[in-house]
Amino acid sequence: MTQNIYQQLGLKQVINACGKMTILGVSSVSPDVMQATAKAASAFVEIDRLVDRTGELISRYTGAEDSYATSCASAGIAIAVAAAITRGDPACVTLMPESSGMANEVIMLRGHNVDYGAPVTSAIRLGGGRVVEVGSSNLAACWQLESAVTENSAALLYVKSHHCVQKGMLSIEDFVQVAQRHNLPLIVDAAAEEDLQAWVASGADMVIYSGAKAFNAPTSGFITGKKQWITACKAQHHGIARAMKIGKENMVGLVYALENYHQGQAIVTAEQLQPTVEAISAIRGLSADIEQDEAGRAIWRVRIRVNAQELGLDAREVESRLREGDIAIYARRYNLHQGVFSLDPRTVAEGEMALIVARLQEIADHAAD
Ligand SMILES: *Cc1c(COP(=O)(O)O)cnc(C)c1O
């Protein structure tokens with residue numbers, strides 16, 4: 001079999017059945033998006049105009065006044081924070097991230113203070129922000145948010161993520177009200193979200209997305225929101241944003257990926273997964289069925305239950321043997337403690353499901369080794 005580009009560099013072939021993860025290279029970019037990216041890479045363009053035009057095109061999908069493409073969502077957080085602190089003033093921009101003497105506090109819920117592979121607070125500090133946490137890790141009240149606002153406040157930050165504590169937190173509406181009452185910008189980290197419009201429509205001033213997560217773009221991110229604040233974001237290009245530059249080619253790739261996304265994704269249906277379910281259930285010690293996404297999205301996955309007594313291996317051991325084979329197969333492993341793991345078909349290429357089934361068979365055949 002021909003080697004893929006990573007094998008040619010001496011790395012393992014990976015089958016990704018766990019979803020869009022930074023540790024596996026996030027998403028796979030479609031050939032037509034890559035073609036647009038390649039064409040953009042080989043030609044010259046007036047960059048300031050490309051930045052503005054990219055912002056206009058992104059805004060068509062988000063419904064915002066303007067947008068600014070970044071190298072990733074983390075860069076978007078840092079730049080949005082710097083925009084809130086400097087408000088685009090050129091003298092302040094060149095000082096960032098040194099912000100002493102300026103109103104530089106970024107207020108967020110303790111239950112939103114997450115690590116997505118790096119702490120969200122690192123991105124805030126890169127943008128010159130000082131983190132002010134509100135509430136307890138499992139509970140927050142609106143008065144706590146309100147009373148954290150002082151003359152040193154620069155912005156409120158709301159994080160929407162499966163990493164956040166999902167109960168006892170405040171709503172986006174609470175944040176919008178407090179932000180408006182105190183005339184502070186509201187930043188929303190919606191990095192992995194799929195809905196391009198809801199957060200802008202809620203009244204947030206700067207909403208940050210990752211291009212590579214939901215939208216299968218080349219490495220990129222963007223900030224979308226109110227004109228005044230996006231202008232202040234663009235001003236950071238002459239300061240911290242230079243160290244987070246997105247190239248012309250990835251700006252174009254992002255625009256084409258959003259266009260593809262807008263036209264709708266191919267959904268893998270439960271029926272299409274049925275043959276895989278049957279093939280896995282025929283393996284000694286394994287049984288499979290289909291589960292819908294826990295958050296109710298139109299995603300169906302193959303759930304595999306390991307009968308440890310019959311197989312002689314428990315779910316943890318099966319999952320780790322999958323990852324450690326000649327081909328590294330990554331499954332969703334959130335429920336291993338219940339003897340279950342699952343396969344997310346969205347990132348599995350054609351022919352790879354058969355390789356997963358074959359590997360499971362091999363693991364069952366050699367369970368005693
Ligand atoms: C992934 C993620 C980020 C960072 O996105 P990058 O594009 O990888 O920088 C930020 N915030 C949240 C909540 C995320 O899930």
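Ligands are counted one by one from 1 in listed order, and the atoms in each one are counted from 1 as well. Nothing fancy with the numbering, it's 1 onward along the sequence.
- Neither side chain, Tyr61 nor Gln197, offers a donor N or O lying under 3.5 Å from an acceptor on the other.
- Proximity of Ala191 to ligand 1, defined as any heavy-atom pair under 4.0 Å, is confined to the side chain (atoms from C-beta onward).
- With respect to Arg316 and Glu319, no salt bridge is recorded, no charged nitrogen being found less than 4.0 Å from a carboxylate O.
- Checked by distance only, ligand 1 and Ala73 come closer than 3.5 Å through their nitrogen or oxygen atoms.
- Closest to atom 2 (C) of ligand 1, if we only count protein heavy atoms, is Lys213 NZ, 2.3 Å.
- Remark: the Tyr116 side chain and the Ser74 side chain contain an N/O donor-acceptor pair separated by less than 3.5 Å.
- One side chain, Thr269 or Gln272, offers a donor N or O that lies under 3.5 Å from an acceptor on the other.
- Protein heavy atom in closest approach to atom 11 (N) of ligand 1: Asp189 OD2, 2.6 Å.
- Using a 4.0 Å cut-off between heavy atoms, Cys72 contacts ligand 1 through both its backbone and its side chain.
- A donor-acceptor pair shorter than 3.5 Å can be found between the side chains of Ser67 and Ser59.
- A donor and an acceptor atom, one from each side chain of Glu133 and His112, are nowhere located under 3.5 Å apart.
- Heavy-atom separations between Val120 and ligand 1 are all 4.0 Å or longer.
- Checked by distance only, ligand 1 and Tyr116 stay at 3.5 Å or farther apart across all their nitrogen or oxygen atoms.
- Counting atoms of ligand 1 from 1 in the listed order, those under 4.0 Å from a heavy atom of Ser161 are 13 (C).
- Heavy atoms of His162 stay at 4.0 angstrom or farther from ligand 1.
- The nearest heavy-atom contact from the protein to atom 8 (O) of ligand 1 is Thr22 OG1, 4.2 Å.
- When only interatomic distances are considered, the shortest N/O to N/O separation between Ser74 and ligand 1 falls below 3.5 Å.
- Looking at Asn4 and Gln13, their side chains never bring a donor and an acceptor atom within 3.5 Å of each other.
- Hydrophobic cluster membership differs between Ile58 and Trp229, with clusters built from Ile, Leu, Val, Met, Phe, Trp and Tyr side chains linked at under 4.5 angstrom.
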